[in-house]
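Since the structure comes first, as structure tokens, the remarks are kept for the end.
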Amino acid sequence: EVGKALCMLGEISIELGDYEQAEEYLNNSLMLFKQRHVTPFLVDAEVNAIRLYLSWLSPHSKILALKHAYAALAAARIVEDAYSMVDGLFYASITEASCGTANKALELANELEPLAKRNGNPLDTYYAAWAKAIAHNALHQNTLSKPLFVQAYNVAEQIKHELNKHKIGL
């Protein structure tokens, strides 16, 4: 499907630092997905748009990241897919932290935590711990954030997810 391919191309372009191209791919992907019923693929495209705007420090990037964070979360709530909900809550939380609204980031991370436990997926546990760590860090609560960063790192190590270990940076 074209929408999925455009979303993947957008994701690759983000990794390559070609943000303008990524934006074009993702906008086209989002346009295609929004023409249909809400699906997890729409959530994926919104999440990639968040990743784009958190990486690309343009004048409006934080506003655009927030826009896509809440679009992803709204779509995830409609789809009721566990993976999409984890993504939606995680990215909404870290986007709020990035934008300086740490209390909202913590609220979203706290919503994510029981969902991750219910899902029983170690990767969900990783995202829940990382979101809470980022939120507590944004609140300057280092005594609370440090063990959560360590927990996220340990989960990534346990599931042999080298990229996520690298993202934590311990």
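When a residue number appears, it is its place in the shown sequence, counting from 1. Nothing here was measured: the structure is a model prediction, and the numbers come from that model.
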Please list, chain by chain and in numerical order, all residues satisfying side chain to side chain contact (heavy atoms under 4.5 Å, CB included) with Ala138, sequence neighbours excluded.
-> Ala97, Ala102
Relative to the ring of Trp56, is the ring of Tyr53 parallel (under 30°), tilted (30 to 60°) or perpendicular (over 60°)?
-> parallel
Identify the two heavy atoms, one from Ala75 and one from Val43, that lie closest to each other, and give their separation to 0.1 Å.
-> CB-CG2, 3.7 Å
Looking only at heavy atoms, what is the nearest atom pair of Gly10 and Ala22, with distance?
-> O-CB, 3.5 Å
For residues Ala65 and Ile50, report the shortest heavy-atom separation together with the two atoms involved.
-> O-CG1, 3.9 Å
The salt bridge (Lys or Arg N to Asp or Glu O under 4.0 Å) partners of Glu111 (sequence neighbours excluded) come to Arg77
Would you say Ser93's side chain and Leu89's backbone share a donor-acceptor pair under 3.5 angstrom?
-> no
How many angstroms lie between atom CG of Leu9 and atom NZ of Lys4, to the nearest 0.5 angstrom?
-> 14.0 Å
Test applied, side-chain contact (heavy atoms from CB on, under 4.5 Å); reference residue, Leu123; option that passes from Asn121, Asn119, Thr125 | Asn121
For Pro122, side chain to side chain contact (heavy atoms under 4.5 Å, CB included) partners two or more places apart | Val155, Ile159
Please examine the side chains of Glu96 and Leu106, heavy atoms only from C-beta on, and report whether any two atoms are closer than 4.5 Å.
-> no
Contact summary for Leu57 and Leu54, nearest pair of heavy atoms | CD2-O, 4.2 Å
Could you go through the side-chain contact (heavy atoms from CB on, under 4.5 Å) check for Tyr25 and Ile14 one step at a time?
-> CA-CA 10 Å; Tyr25 286 138; Ile14 294 166; over 6 Å; no
Take His68 and Leu30 through the test side-chain contact (heavy atoms from CB on, under 4.5 Å) and record every step on the way to the result.
-> CA-CA 10 Å; His68 289 285; Leu30 286 164; 3.6 Å; yes
From CG (Leu42) to NE2 (His37), nearest 0.5 Å = 13.0 Å
Do side-chain atoms of Asn28 reach the backbone of Glu24 as a donor and acceptor pair under 3.5 angstrom?
-> yes
Taken to the nearest 0.5 Å, the spacing of Ile94 CD1 from Tyr127 OH works out to 9.0 Å
State, to 0.1 Å, how close Glu113 and Ala128 come at their nearest heavy-atom pair, and which atoms those are.
-> CA-CB, 4.0 Å
Quick one: does Ser29's side chain have a donor or acceptor within less than 3.5 Å of a partner on Gly3's backbone?
-> yes
Are any of the side-chain heavy atoms of Tyr70 and Glu46 separated by less than 4.5 Å?
-> no
pair Glu1-Phe33: side-chain heavy atoms closer than 4.5 Å | yes
If you measure from CG on Asn137 to CH2 on Trp130, what distance do you get to the nearest 0.5 Å?
-> 12.5 Å
Asn142/Ser145 under side-chain contact (heavy atoms from CB on, under 4.5 Å): CA gap, chis, key distance, verdict | CA-CA 5 Å; Asn142 296 338; Ser145 66; 3.9 Å; yes
Atom OH of Tyr83: over 12 foreign heavy atoms under 6.0 Å | no
Heavy atoms of Ala82 and Leu115 approach each other most closely as O-CD2, 4.5 Å
Between CG on residue Asn27 and CG on residue Leu32, distance to nearest 0.5 Å = 11.0 Å
Taking atom CG of Asp44 and atom CZ of Arg51, what is their separation to the nearest 0.5 Å?
-> 11.0 Å
Assess whether atom NZ of Lys67 is packed by more than 12 heavy atoms of other residues, nucleotides or ligands within 6.0 Å.
-> no
